[in-house]
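Not measured: the values here are computed from a predicted model. In what follows, chains carry the letters A, B, and so on, assigned in the order in which the sequence lines appear, proteins first and then strands, with residues in each chain numbered from 1.
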Amino acid sequence: MSSGKNNLNTEKENNVGKPSNFIKYIIDDDLKNGKNESRVHTRFPPEPNGYLHIGHAKSICLNFGVARDYNGLCNLRFDDTNPVKEEDEYVKSIIEDVKWLGFDWEDRLYFASDYFEQMYEYAVELIRKDKAYVDDLNAEQIREYRGTLTTAGKESPYRNRSVEESLDLFARMRAGEFPDGSKVLRAKIDMASSNMNMRDPVMYRILHASHHRTGDAWSIYPMYDWAHGLEDSLEGITHSICTLEFEDHRPLYDWFLENLDGVHHPQQIEFARLNLTYTLMSKRKLLRLVNENYVSGWDDPRMPTLAGMRRRGIPPASIRDFADRIGVAKADSIVDRAMLDSCIREDLNKNAKRVMVVLDPVKVVITNYPENTVEELTAENNPEDENAGHRTIPFSREIYIEREDFLEEAPKKFFRMVPGREVRLKHAYYVTCTNFVKNDAGELTEIHCEYDPATKGGWSDDGRKVKGTLHWVSVPHAIDAEVRLYDHLFTKENPDESRDERDFTEFLNPDSLVTLQNCKAEPGLRECTPGERFQFLRKGYFCSDSKEFTSEKPVFNRIVTMRDAWQKKDKK
RNA sequence: UGGGGCGUCGCCAAGUUGGCAAGGCACAGGAUUUUGGUUCCUGCAUUCGGAGGUUCGAGUCCUCCCGCCUCAGCCA
């Protein structure tokens with residue numbers, strides 16, 4: 001695998017002529033008008049309260065991609081304004097994930113908590129301008145006073161207290177004089193606004209909680225709406241890209257920045273978040289999958305988390321490619337998982353070394369092959385990459401082939417092993433089945449074949465038609481491996497859709513993980529490193545498990561199957 | 001029922017002075033192939049949520065209607 005940086009450069013060059021999106025039109029326009037001194041500066045602002053998933057990857061690729069395309073900058077900023085939900089463990093995993101995806105924020109790693117003091121001063125400025133006030137209403141009362149979607153709210157009885165009093169109260173809130181929930185600082189806007197966000201939104205709440213970075217220095221913490229625009233402003237962000245549900249917050253984002261003196265005012269732009277078929281993106285539901293042990297953890301290879309996808313073996317470049325292909329727009333959508341799979345296959349077809357592994361083995365004896373003889377055959381590592389080189393694999397009188405590659409009686413289009421029919425053993429010889437053995441239960445236990453010594457390497461010049469080619473592993477040389485076959489986590493395209501009252505866990509796919517213990521792999525695989533990706537010839541793309549693989553006990557994860565025209569036909 | 005958004009092929013998605021519907025995925029045929037893989041051809045929206053209107057000409061402009069998403073945390 002090549003480094004992320006090189007991939008990025010290649011992508012940049014290929015970017016010429018790529019489809020545009022509405023955000024780029026906005027930026028082009030701003031640049032044309034000389035807005036922001038012609039700078040482009042974005043940011044990816046995760047809250048460190050959970051693991052990143054492929055939906056975040058879309059946002060990361062968008063923000064860093066826009067910066068790259070316009071020779072701008074993109075910051076990584078943790079939006080850590082809520083101490084009770086955030087943990088340091090998450091900042092570590094997020095940093096790891098963004099790096100793994102291939103992006104670099106250089107020295108621009110920021111934390112909202114670094115701006116707490118500045119934010120406090122800005123809040124004081126608003127109070128002085130009589131645009132914010134301390135409210136003594138409790139949470140329930142505030143909700144009642146807020147009104148509903150169709151009816152206006154009422155003003156708090158504390159709304160018109162003096163600037164001096166609010167100033168004093170706010171300072172004492174900070175000093176920790178009041179219990180949690182007893183007071184808040186609110187912006188003084190319009191309790192009758194048709195936009196609920198403008199009905200005197202809360203700017204600060206009292207929280208006697210220890211923060212992962214500021215410890216116990218603060219007993220008040222800023223709310224998202226107040227904090228986010230300030231963070232963007234302080235960092236000189238030009239385009240603050242977020243998801244659709246913040247569209248209603250934009251007037252408030254703008255209001256705060258307009259009512260502060262001499263601050264930089266970034267432009268908020270909203271786009272539709274990613275949804276993918278057969279999986280979920282909600283943090284809350286993913287957390288349930290982990291907590292209720294439906295999966296083995298945040299990095300379970302079936303999870304849409306970046307940690308899970310990394311463990312599964314999905315190349316980061318294929319995720320970037322995916323992000324480019326799905327585009328950016330404002331329409332709600334749910335992308336077909338097949339689109340991601342296609343990106344993964346395209347990458348792996350080019351980059352994954354081919355090896356032979358028999359997942360469901362049955363023994364074949366080549367009756368006319370000499371006993372106690374081993375031949376070292378040459379095999380190319382990747383027909384799509386000349387530089388991948390060749391390797392040598394042992395061949396002997398007894399080999400394993402895939403159980404499903406043999407049929408006693410063949411249907412019309414089946415061109416694998418059938419009694420009396422000649423097939424090719426990849427890289428080895430042509431063989432013809434002469435006999436087979438079954439046990440009392442009627443299960444196939446052994447196949448007998450004869451080989452043609454003149455076809456070494458798997459080829460003859462006489463124009464013989466050999467339609468079927470099988471993968472195989474030499475019995476005395478085979479190593480045992482555990483292979484985990486992964487499939488969709490859910491059986492339903494949109495498990496989130498709650499048509500009836502059914503819980504999404506009811507749509508969990510019982511076959512999302514099938515573990516095979518008795519797989520036979522070519523001996524070279526013992527030496528592979530954890531996290532290495534391969535194509536198991538004819539079976540799919542696999543990755544040695546980054547946590548559990550050892551040469552004593554090799555474990556492989558299936559990343560994605562091969563495209564399979566035969567199986568497809570079968571289903572019809 | 002108030003506000004904000006969105007509706008172009010099965011799924012994404014281009015369409016930016018109104019000028020004759022990109023591309024990808026999926027799907028279907030065919031060719032090549034020591035992976036039923038790859039690659040390569042070919043096909044796949046007389047039509048843009050619907051109805052009217054303006055115009056020589058409309059996915060793009062106007063009007064009305066329909067559908068979907070979203071907002072009433074001291075979460076982000």
**Study point:** Watson-Crick/G-U partner (both atom distances under 3.5 Å) of G67(B)
**Key:** C6(B)
Review point. What does nucleotides 32-37 of chain B look like as a protein-contact string, B for base, S for sugar-phosphate only, - for none, at under 4.0 angstrom between heavy atoms?
Key: --BBBB
**Study point:** Counter-base of G18(B), judged by Watson-Crick or G-U geometry with both distances under 3.5 Å
**Key:** none
Point to revise | Pairwise P distance for U33(B) and C48(B), with rounding to whole Å | key: 45 Å
Check your understanding: Does a side-chain N or O from T81(A) land closer than 4.0 Å to OP1 or OP2 of A76(B), or not?
Key -> yes
Point to revise | Any donor-acceptor N/O pair, T277(A) side chain to R337(A) backbone, under 3.5 Å | key: yes
Check your understanding: For D254(A) and G4(B), what is the distance between atoms CG and P respectively, to the nearest whole Å?
Key -> 15 Å
Exercise for review: Flag the pair F542(A) / F556(A) as yes when their ring centroid distance falls below 6.0 Å, and as no otherwise.
Suggested key: no
Revision key, fill the gap. note: D336(A), atom CG; G10(B), atom P; distance rounded to Å ~ 13 Å
Exercise for review: Remember a base hit wins even if backbone is also touched, and classify S333(A) as base, sugar-phosphate or nothing at under 4.0 Å, heavy atoms.
Suggested key: sugar-phosphate
Review point. Within the structure shown, what part of the strands sits under 4.0 Å from V184(A) by heavy-atom distance: base, sugar-phosphate, or nothing?
Key: base
Point to revise | Glycosidic class, syn or anti, of G73(B) using a 90° window around 0 | key: syn
**Study point:** Euclidean distance for P, C62(B) against G5(B) (whole angstrom)
**Key:** 15 Å
Check your understanding: How far, in whole Å, is U16(B) from A58(B) if one measures between their C1' atoms?
Key -> 15 Å
Check your understanding: With sugar-phosphate meaning primed atoms plus P, OP1 and OP2, does T277(A) contact a base, only sugar-phosphate, or nothing at under 4.0 Å between heavy atoms?
Key -> nothing
Point to revise | Ring center gap for F536(A) and Y541(A) short of 6.0 angstrom | key: no
Exercise for review: Quickly work out the D341(A) CG to A26(B) P distance and round it to whole Å.
Suggested key: 9 Å
Exercise for review: Calculate the interatomic distance between I142(A) atom CD1 and G73(B) atom P; express it in whole Å.
Suggested key: 11 Å
Review point. Contact class for L137(A) vs. all strands (heavy atom < 4.0 Å): base, sugar-phosphate, or nothing?
Key: base
Point to revise | Check: Y278(A) ring centre within less than 6.0 Å of F490(A) ring centre | key: no
Practice item. Give H249(A) one of three labels, base, sugar-phosphate or nothing, depending on what nucleic acid heavy atoms sit under 4.0 Å from its own. Key: base
Point to revise | Side-chain N,O (R199(A)) to OP1/OP2 (C71(B)) below 4.0 Å | key: no
Check your understanding: When rounded to the nearest Å, what value does the distance between P atoms of C25(B) and U42(B) take?
Key -> 15 Å
Check your understanding: Which one is paired to G43(B), where only Watson-Crick or G-U wobble pairs with both distances under 3.5 angstrom count?
Key -> C27(B)
Practice item. Please determine, for U1(B), whether a Watson-Crick or G-U wobble partner exists with both distances under 3.5 Å, and give it or none. Key: none
Review point. Does the gap between the ring centers of Y253(A) and F246(A) come in under 6.0 Å?
Key: no
Check your understanding: Looking at M562(A), K353(A), R345(A), which one forms a side-chain contact (heavy atoms from CB on, under 4.5 Å) with Q535(A)?
Key -> M562(A)
**Study point:** Same-atom distance (P) from C66(B) to C74(B), integer angstrom
**Key:** 34 Å
Check your understanding: Roughly, in whole Å, what's the span from OH in Y25(A) to P in G15(B)?
Key -> 4 Å
Point to revise | Lys NZ or Arg CZ of R424(A) over Y430(A) ring: under 6.0 Å, within 45° | key: no
Review point. Between the base of G3(B) and the side chain of D248(A), is there a donor-acceptor distance below 3.5 Å?
Key: yes
Study note, to complete from the structure: Among the nucleotides C6(B), C12(B), A76(B), whichever has the atom closest to the side chain of K330(A) is C6(B)
Practice item. Working to the nearest 0.5 Å, report the span between CD1 of I220(A) and CG of L207(A). Key: 10.5 Å
Practice item. Could you pull out all residues at least two apart from K85(A) that satisfy side-chain contact (heavy atoms from CB on, under 4.5 Å)? Key: E47(A), N49(A), N82(A)
Exercise for review: Tell me the partner of G52(B), counting only Watson-Crick (N1-N3 plus N6-O4 or O6-N4) or G-U wobble (N1-O2 and O6-N3) with both under 3.5 Å; none if nothing fits.
Suggested key: C62(B)
**Study point:** Candidate pair I60(A) and L52(A), rule side-chain contact (heavy atoms from CB on, under 4.5 Å), full reasoning
**Key:** CA-CA 10 Å; I60(A) 294 167; L52(A) 258 29; 4.1 Å; yes
Check your understanding: With sugar-phosphate meaning primed atoms plus P, OP1 and OP2, does A139(A) contact a base, only sugar-phosphate, or nothing at under 4.0 Å between heavy atoms?
Key -> base
**Study point:** Rounded distance (Å) that lies between atom C1' of C11(B) and atom CZ of F322(A)
**Key:** 11 Å
Check your understanding: Contact class for F246(A) vs. all strands (heavy atom < 4.0 Å): base, sugar-phosphate, or nothing?
Key -> base
Check your understanding: G3(B) C1' sits how many Å from I189(A) CD1, rounded?
Key -> 15 Å
Point to revise | Closest listed nucleotide, where the reference is the side chain of K85(A) and the choices are C75(B), G24(B), A72(B) | key: C75(B)
**Study point:** Rounded distance in Å - CD (E144(A)) to P (C74(B))
**Key:** 13 Å
Practice item. Could you check whether N138(A) gets within reach of a base, just the sugar-phosphate, or nothing at all, counting any heavy atom under 4.0 Å? Key: base
Review point. Considering only side-chain heavy atoms of R146(A), which listed nucleotide, G2(B), G73(B), G24(B), is closest?
Key: G73(B)
Practice item. Using the C1' atom on both, measure G67(B) against A51(B) and round to a whole Å. Key: 15 Å
Review point. C1' atom, A14(B) versus G53(B): distance in rounded Å?
Key: 28 Å
Check your understanding: Is the distance between the ring centroids of Y51(A) and H56(A) under 6.0 Å?
Key -> no
Point to revise | Nearest-Å distance once atom P is located in both U60(B) and G7(B) | key: 12 Å
Check your understanding: U70(B) phosphate, OP1 or OP2: any side-chain N/O from R250(A) under 4.0 angstrom?
Key -> no
Practice item. Between F22(A) and D332(A), just flag the one whose closest nucleotide in RNA chain B comes earlier from the 5' side. Key: F22(A)
